[in-house]
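Some notes on the structure that comes next.
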Amino acid sequence: MTVVPTTGTATPVAAPVKRRRLRFVANPKATTGLVILGFFALLAIIGPWIAPYDPSGRGNDLLQGPSAAHWFGTTHLGQDIFSQVVVGTRSVMVVGFVAGLVATVLSILVGVTSGYLAGAGSEVLSALSNVFLVLPALPLMIIITSTLPETGTLTIALVIGFTSWAWGARVLRAQTLSLRGRDYVEAARATGEKTWRIILFEILPNLTAVIASGFVGTVIFAVTLEITLAFIGIGAGGDWNWGTVLYWAQSQQALAQGAWWWFVPAGLAIALLGTALSLVNFGIDEFVSPRLRGGGKTNVKTADGHTVRMRVGFTPVLAHKTRPEGRETP
Amino acid sequence: MSYLLKRIAFYLFTAWAAITINFFIPRVIPGDPVQALITRSRGQMTSDAVQSLYVLFGLDKDASLVEQYFTYLGQLLRGDLGLSFTYFPSPVSQVLGDGLPWTLGLVGITTVLGFLIGTALGTGIGWRRGSWADALIPVTTFVSSIPYFWLGLIAIALLTGPDSFFPASGAYDNGLVPNPDLEFVGSVLRHGLLPAFTILISSMAGWILSMRNMMVTVASEDYVTVAHAKGLSDRRVMVSYAARNALLPNVSGFALSLGFIVGGTLLVEIVFSYPGLGLQLFQAVGAKDYPLMQGIFLIITLSVLLANFLADVAYLALDPRTRREG
Amino acid sequence: MTDAVLEVRGLNVDYGLGDDAVHAVRDVDLTLHRGEVLGLAGESGSGKSTLAYGLTRLLPPPGVIAGGEVLYHPDGGDPVDVLRMTLPELRRFRWAETAIVFQGAMNSLNPVHRISTQLTDVIKAHDPRGSSAARLARARELLRLVGISADRLDSYPHQLSGGMRQRVMIGMALALEPKVVIMDEPTTALDVVVQRQILRQLVELRERLGFSVVFITHDLSLLVEFSDRIAIMYGGRIVEQADSADLYRDPLHPYSHGLLNSFPALRGPKRELTGIPGSPPDLRAMPAGCSFHPRCPRALERCGAEVPVLGNPAEKRDTAHVAVGRRSPTDRTVACWLHPVHHDGL
Ligand SMILES: Nc1ncnc2c1ncn2[C@@H]1O[C@H](COP(=O)(O)OP(=O)(O)O)[C@@H](O)[C@H]1O
Ligand code: SF4
Ligand SMILES: [Mg+2]
């Protein structure tokens with residue numbers, strides 16, 4: 001492959017970093033996840049334009065199964081379910097992205113601060129994240145949203161963002177604590193480097209993978225939570241999302257009427273989006289922890305034609321010849 | 001201070017935080033929910049009950065916030081959570097008392113079972129890394145991404161019906177009265193099976209994945225190689241060396257994600273009309289029944305804290321490093 | 001050699017498969033004699049651990065054994081090839097005949113089990129019929145053997161110091177009275193005093209119990225002090241093999257020479273510490289010819305083109321009849337063009 005020439009000579013550190021980046025994209029799990037994610041992102045942007053019908057508009061085909069005119073069938077009011085799912089993508093993606101962003105920023109603020117600064121303040125922040133971590137999310141969200149005058153997409157996104165930063169903060173705190181003791185950080189401190197500069201230039205770059213994985217995790221969490229809330233009738237405030245589709249399906253007894261098309265597409269969309277996000281996170285995990293990497297083949301062929309599996313504790317023996325031919329002695 | 005005492009202090013603090021959240025939330029609810037209820041009850045409410053609701057919602061305008069707070073705490077201590085709007089005129093504590101056993105039975109048992117089975121399967125898959133078992137991972141990932149309640153919907157669509165063994169809703173047959181005889185217990189089991197399987201399958205998937213990853217990580221630890229070098233049986237190396245250590249992060253992960261899992265499982269109750277806290281929460285949301293919502297939040301939080309504590313005790317028993325030096 | 005207990009023939013160990021493979025151990029021939037301490041030295045990355053794990057088949061993926069033989073000679077029995085053993089055979093063979101003490105023994109103990117459990121489970125695995133009381137008594141005896149008080153049996157690994165954990169591992173290695181004990185940098189993580197203490201104890205135990213030791217370290221000065229024979233590794237190959245005293249007095253390979261000069265002398269005349277310039281070779285891009293030639297101060301023209309073969313140096317062979325005493329000097333081998341190999345029958 002060709003590498004775009006850069007002006008001047010590359011620093012020795014730059015090369016491995018570049019190779020590491022490429023390896024992440026080359027990870028089949030991450031790539032699959034990113035492609036699916038890209039598809040949903042596109043749908044979120046162009047959804048309202050490509051939807052064949054107004055998702056709320058009533059029609060004459062009541063509770064019809066999938067057909068050429070209505071790919072995912074219709075509701076009891078004759079609404080087109082395909083359009084509802086397509087248009088609903090935007091709300092799901094916005095909540096996932098906004099909540100993920102808010103929670104990630106908060107988790108960095110809380111986690112890195114409490115990890116880097118010692119003392120009582122650090123302990124308080126840590127206790128605070130632990131409290132938020134054990135409070136059951138769904139009931140908490142329900143009583144919070146019950147006090148809000150309106151619960152549109154953005155409101156829900158912000159509420160989720162402000163309540164789900166604790167996991168990320170906890171992980172970041174632990175990582176920061178271990179980074180703080182590293183030589184180069186100690187060295188920077190010894191030379192009188194300003195704290196915010198150390199955090200920004202020495203600590204944060206090393207937390208990139210953890211932050212990314214925390215972001216993706218929060219997006220999964222936020223999407224699930226939004227859909228769950230919508231399903232029990234919170235946050236339906238006019239916007240369509242996959243959860244509201246399911247809410248109407250449930251409240252109109254779609255099941256009892258055998259209208260499987262009403263709830264199957266939205267559920268599959270959720271599962272597909274969740275899988276894509278999980279795949280991205282697996283990619284990040286394998287990128288960070290080489291032990292998890294598949295490492296290509298795990299089954300090897302021996303010289304006498306057997307296939308053995310590589311496993312810890314029993315190294316496969318490929319051949320018993322003491323002088324393998326065709327192997328150049330360098 | 002020993003590990004356990006520290007944890008207890010933390011849980012007490014968290015419980016206090018939850019109670020305080022519960023105190024402040026109603027104070028920002030727009031409008032006058034109590035007045036709405038009183039109107040709805042057409043004068044059937046005793047003045048005591050009205051007073052209790054006023055304390056709960058902070059409408060006691062004469063008292064300062066601090067006074068209100070202590071009155072509220074006192075009321076909580078007596079187990080007075082106000083009156084439910086939906087189940088009027090039942091007090092919230094009584095409504096919760098009806099729902100809690102069902103939730104504990106269904107959610108409690110299946111959550112723990114899901115963890116145990118998922119961990120066991122993840123152990124096997126992680127240990128036989130690179131074998132056919134790896135093919136299960138994409139399926140598991142997909143299943144773990146499905147919301148619990150949707151899986152419940154699918155289960156109802158596919159497995160219930162007029163002639164099906166599985167009932168689609170409720171916790172026992174309508175005609176029966178709860179008592180510990182064979183017919184009733186059988187009916188409870190039959191009704192519980194499908195929701196239980198729904199929760200089991202969804203919750204297992206996550207544990208399979210995390211345990212698998214931990215096994216892969218632990219399998220290359222030195223002490224596992226030593227165990228192989230000692231010529232121990234494969235089973236002993238897997239269970240007593242690899243899985244025993246891989247289990248530790250999974251147990252703390254279990255404790256930490258309980259709050260999240262419980263949310264998902266409550267939804268399964270809604271789908272199956274299972275008369276636990278989840279269904280009550282759903283009804284409370286629909287009817288804007290604030291006292292019931294808060295009561296459920298409180299009791300779920302306290303249960304999760306208790307479960308967390310038990311998980312801590314389990315961790316303590318499993319990891320000698322957290323025990324005090326002997 | 002009749003008194004060999006472990007013979008490695010043409011061992012090749014790779015990481016990865018096919019074209020991606022890194023050849024970390026190449027064509028290694030090595031013989032361990034009964035009752036001796038054989039030292040294996042070389043810079044870090046030279047393949048010492050890979051060799052040790054490879055010949056016991058404990059190398060984790062992507063490690064594979066690309067070829068060779070590892071012959072074990074049981075007392076009065078026919079030699080068996082470890083690399084041809086089935087899994088059950090291998091399991092029975094392990095620890096009973098060959099025990100290992102690992103590099104970084106700090107993590108060699110399972111953190112969640114008591115010392116007693118970890119000492120007795122290996123005894124039980126190899127002799128399921130014994131009583132648990134007998135096993136416990138044996139565990140107590142093993143601890144005493146390595147100088148740890150028996151009440152430590154109930155301790156967990158985190159309650160022991162690094163030196164104690166290392167001793168426990170040595171005691172564990174002796175649990176089944178193996179003929180061979182392989183030690184991979186067993187003391188690197190410990191401070192010098194503890195290190196020597198443990199080694200002295202080990203040599204003493206060896207004299208008492210009569211096992212053979214393969215002792216791996218990057219610290220050649222330790223080997224000169226504690227081992228009978230030394231093999232030097234570079235870039236996955238053995239480049240020199242000799243009696244410790246001979247090697248110390250008269251290293252033939254320029255790399256051995258450099259290694260000796262990287263450590264302060266313990267006894268004998270003081271040497272000037274020079275070390276070896278340059279860095280160990282990249283296994284993915286090994287230099288042609290002698291892999292040491294880019295760093296070798298005495299490199300000849302042919303060094304960059306032809307690989308020197310390990311063999312008895314001709315000049316030492318000529319003086320063989322002069323040397324009196326111990327092992328035959330033909331036991332000495334080197335792979336370097338400065339010391340052309342003596343070929344029998346030529
Ligand atoms: N998993 C692996 N994949 C590729 N190369 C490896 C792997 N493990 C070790 N190596 C390489 O094998 C060589 C020998 O390593 P090792 O046996 O650990 O050396 P030593 O014990 O002498 O320090 C090193 O150069 C190292 O880079
Ligand atoms: S063969 Fe040549 S390059 Fe290699 S060690 Fe000997 S003299 Fe040096
Ligand atoms: Mg090594």
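Here the structure is a predicted model, which means the values were calculated and not measured. When reading the values below, keep in mind they use all heavy atoms of this one structure, side chains included, and skip hydrogens, waters and symmetry mates. Every chain is numbered from 1, with letters handed out A, B, ... down the list of sequences.
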Of the listed residues (B:V224, B:N245, B:L318, B:T225), which shares the most heavy-atom pairs with chain C below a 4.5 Å separation?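 Greatest number of close heavy-atom pairs with chain C: B:N245.
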Choice from B:D234, B:L248, B:D319 maximising heavy atom contacts with chain C below 4.5 Å: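 Among the listed options, the one with the most contacts to chain C is B:D234.
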Could you list all the salt bridge (Lys or Arg N to Asp or Glu O under 4.0 Å) pairs where at least one residue sits in residues 245-258 of chain B, not counting sequence neighbours?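 Sorted result for residues 245-258 of chain B: empty, none.
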By the salt bridge (Lys or Arg N to Asp or Glu O under 4.0 Å) test, which pairs, at least two apart or in different chains, include something from residues 107-134 of chain C?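 Listed once each, the pairs are B:K230-C:D121, B:R236-C:D121, C:D127-C:R129.
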Is any side-chain heavy atom of B:V226 less than 4.5 Å from a side-chain heavy atom of C:Q118?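 No, every pair of side-chain atoms sits at 4.5 Å or beyond.
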If every non-hydrogen atom of B:G231 is compared with every non-hydrogen atom of C:A125, which pair is closest and at what distance?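 Here B:G231 and C:A125 meet closest at O-CB, 4.3 Å.
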Residue pair B:P320 / C:P111: nearest heavy atoms and the distance that separates them: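 What the structure gives for the nearest pair is CG-O, 3.3 Å.
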What residues of residues 86-97 of chain C sit under 4.5 Å from chain B when you count only heavy atoms?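 Answer by number: C:R91, C:R94, C:W95.
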Positions in residues 198-212 of chain B that reach chain C, provided some heavy atom is under 4.5 Å away: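 Near chain C, by residue number: none.
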Main chain of B:S240, side chain of C:N110: is a donor-acceptor contact present, judged purely on distance under 3.5 Å?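 Between the backbone of B:S240 and the side chain of C:N110 there is a qualifying donor-acceptor contact (under 3.5 Å).
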Does CZ belonging to B:F197 count more than 12 external heavy atoms closer than 6.0 Å?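 Counting neighbours around CZ of B:F197, 12 or fewer heavy atoms of other residues, nucleotides or ligands fall under 6.0 Å, so no.
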Which bit of C:P60 is near chain B, if near means a heavy-atom gap under 4.5 Å: side chain, backbone, both or neither?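 Neither part.
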